[in-house]
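Bear in mind that the values here come from a model prediction, so they are computed numbers and not experimental data.
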Amino acid sequence: MTDITTSTPHGVERDARRYENRLLLLLFLAFGFVFFDRQALAFLAPYMDADFGLSNGELGTLSGVLALTWAVAGMVAGRLSDRLGRRKPILIAAVVLFSVFSSVSGLMAGFAGLLAARALMGTAEGAVLPMAQSLMVEASRESRRGLNMGLLQGSSAGLLGGIVAPVVVVWIAESYGWRTAFYVTIVPGLVIVALIAKFVRERPPLIRTAPEAVRDSAAGQPKLALKDVLRQRNVVICMLIACCYLTWFVTLITFTPTYLTEVKGFAPGTMSGVMTCLGVAWVLWGFATPGISDRIGRKPALIGFTALAVLCPIAIVYVSSPALLGLIMIFTYTGLGCFTLFMATIPAETVPPGTLATALGLIMGVGELAGGFLGPVISGWASDLWGLQTAMFIAAGGALIVVLLSFGLRETAPAVLRRRAAAEVTR
């Protein structure tokens with residue numbers, strides 16, 4: 001017997017909305033724990049000094065090699081996913097592997113072993129975002145596209161990587177040692193895998209139950225060749241923005257805990273509190289920025305919020321009071337909300353659905369390669385030569401270049417384009 005609640009248009013719509021919210025929650029948790037694991041090294045670095053004695057250059061290399069393998073994996077996984085027409089199996093494999101490799105970091109006895117573990121972890125993590133965002137785009141209503149993708153990529157990483165990670169990781173390190181802090185990271189990852197396997201669908205309800213032309217929209221849309229993707233103006237600009245914004249972000253998360261403890265002399269607990277303020281901002285702007293962009297446009301939102309992000313690393317250098325610094329960080333750590341715009345939303349509104357994962361993987365991959373890998377490595381060695389504040393100025397410079405690049409984007413927000421079209425008609 002046919003279930004009337006899902007066979008009628010109203011039932012299909014209700015099922016689609018319910019699935020949209022459930023998918024958002026699961027992918028929120030999945031990508032949030034990616035950043036929980038990625039952030040752990042920066043928070044544990046002060047505790048690892050007794051065993052490893054990491055220099056700024058080595059710390060930057062550890063962060064950079066993860067970004068390098070993340071970049072390659074993201075590009076390969078995105079292209080593979082579009083060719084196979086499958087997201088879910090790749091996502092499950094990626095979450096299992098990054099959880100295992102993150103835990104293995106606690107077993108390493110030297111810099112080389114830790115470097116290998118971080119490289120493998122990046123290989124697994126790089127596939128998560130292109131798969132998650134592709135699934136989310138297909139399941140999202142147009143009116144919630146920016147908000148959903150912002151919650152998935154920005155707020156999730158902020159909550160679990162920026163708020164939960166510094167508190168939990170530092171507490172475990174203080175109580176049981178830094179190795180144990182790495183070991184426990186495997187648990188939430190495996191729980192999330194089980195939930196994804198049970199509840200995530202390869203196609204959302206509206207696509208699966210709509211007429212054939214709509215149901216097969218992702219498969220039926222033209223799949224651009226890689227060279228044609230690179231001819232898209234917005235895609236090229238988003239790639240350049242990714243390089244500079246990843247420099248801002250990875251440099252900040254890599255060196256700020258060490259800067260606060262070693263240069264400013266903050267106690268570990270104070271450092272953890274200040275870093276939690278970054279997490280609060282990350283969560284707040286992670287959904288507010290893309291949500292605002294749904295109304296005012298992607299381009300003005302990216303320009304305005306990135307201008308604020310320039311000030312964050314400068315405040316870390318010049319503000320001495322932990323309380324004041326934390327407050328300023330909440331209002332200036334706006335960049336993570338912008339990540340959703342140039343890494344997912346703008347490309348999703350620029351290229352055909354059949355090429356979406358390729359575009360997302362390419363932008364993320366190139367950004368991680370240049371900004372995520374080279375950025376912290378160069379910042380680390382420069383800091384060994386001229387002081388750790390050099391890394392903060394490099395981060396500020398990266399955000400400033402993003403402001404300039406953003407002026408070259410073409411607007412893609414549906415609401416803004418409709419208003420422009422309506423204004424043209426009334427003239």
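In summary, the aromatic rings of F33 and F36 are positioned with their centroids under 6.0 Å apart. A centroid separation of 6.0 Å or more is found between the aromatic rings of W285 and F331.
When atom types are taken as modelled, the side chain of K299 and the backbone of A413 share no donor-acceptor pair closer than 3.5 angstrom. Side chain of S81 to backbone of A77: no donor-acceptor contact under 3.5 angstrom is found. At least one donor-acceptor pair closer than 3.5 Å links the side chain of T261 to the backbone N or O of T258. Remark: the backbone N or O of F98 is not paired with any side-chain donor or acceptor of S102 at under 3.5 angstrom. Of the possible donor and acceptor atoms, none in the side chain of S406 sits under 3.5 Å from a partner among the backbone N and O of I303. Under the 3.5 Å distance criterion, the side-chain polar atoms of N234 are left unmatched by any main-chain donor or acceptor of T350. Between the K264 side chain and the I316 main chain, a donor and an acceptor come within less than 3.5 Å of each other. Using modelled atom types, no side-chain atom of T332 and backbone atom of A309 make a donor-acceptor pair closer than 3.5 Å. Panel note: side chain T390, backbone G387; a donor-acceptor pair is recorded below 3.5 Å. R233 places a side-chain N or O within 3.5 Å of a backbone atom of G408 that can act as its donor or acceptor partner.
Heavy atoms of other residues, nucleotides or ligands lying less than 6.0 angstrom from CZ of R419 number more than 12.
With rounding to the nearest 0.5 Å, the separation of CG in L230 from CG in L362 is 5.5 Å. Atom CE of residue M149 and atom CG of residue L341 lie 9.5 Å apart, to the nearest 0.5 angstrom. The CE atom of M392 sits 8.5 Å away from atom OG of S379, with the distance rounded to the nearest 0.5 Å. In this structure, CZ on F407 lies 10.0 Å from CG on L302, to the nearest 0.5 angstrom. A distance of 13.5 Å separates CD1 of I346 from CD of Q232, quoted to the nearest 0.5 Å. Rounding to the nearest 0.5 angstrom, the gap separating the CD1 atom in I378 from the OG atom in S383 is 11.5 Å.
For C244 against V402, the heavy-atom pair with the smallest separation is CB-CG2, 3.6 Å. The minimum heavy-atom distance linking G326 with C277 is given by the pair O-CB, 3.5 Å. Contact detail for A396 and V310: the closest heavy-atom pair is CB-O, 3.7 Å. Heavy atoms only, all atoms of each residue included: A415 and D294 are closest at CB-O, 3.5 Å.
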message = Assess the residue pair L114 and S105 against the criterion (side chain to side chain contact (heavy atoms under 4.5 Å, CB included)); give the C-alpha distance rounded to whole Å, side-chain angles, the decisive distance to 0.1 Å, and a yes or no.
response = CA-CA 6 Å; L114 190 58; S105 298; 3.9 Å; yes
message = E138 vs L23, test: side chain to side chain contact (heavy atoms under 4.5 Å, CB included). Steps then yes/no.
response = CA-CA 11 Å; E138 292 172 354; L23 180 67; over 6 Å; no
inquiry  = If you apply the rule side chain to side chain contact (heavy atoms under 4.5 Å, CB included), what do you find for I241 with T306, and how did you get there?
reply    = CA-CA 11 Å; I241 287 174; T306 304; over 6 Å; no
task = Please report the C-alpha distance between V104 and F182 in whole Å, then the side-chain angles of each, then the deciding distance to 0.1 Å, and finally whether the side chain to side chain contact (heavy atoms under 4.5 Å, CB included) criterion is met.
result = CA-CA 7 Å; V104 166; F182 276 122; over 6 Å; no
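The shortest side-chain heavy-atom distance between Q389 and V263 does not fall under the 4.5 Å cut-off. At a threshold of 4.5 Å between non-hydrogen side-chain atoms, the residues S140 and E20 count as touching. Residues L260 and L325 are in side-chain contact: their nearest non-hydrogen atoms beyond the backbone lie under 4.5 Å apart.
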Pairs of donor and acceptor atoms involving the side chains of residues 116-129, under 3.5 Å and at least two apart or interchain, shall be tabulated with distances.
unit_1, atom_1, unit_2, atom_2, d
R118, NH2, R38, O, 3.4
T123, OG1, A119, O, 3.0

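A cation-pi contact, defined as under 6.0 Å to the ring centre and within 45° of the axis, is absent between R22 and F199.
W282 meets the ring-ring contact (aromatic ring centres under 6.0 Å, His included) test with F35, F249; sequence neighbours excluded. When the ring-ring contact (aromatic ring centres under 6.0 Å, His included) test is applied to Y245, the partners found at least two apart in sequence or on another chain are W248, F339, F342.
Ring planes of Y318 and F393: tilted class, angle from 30 to 60°.
Among F31, F287, F28, the single residue meeting the side-chain contact (heavy atoms from CB on, under 4.5 Å) criterion with L152 is F31.
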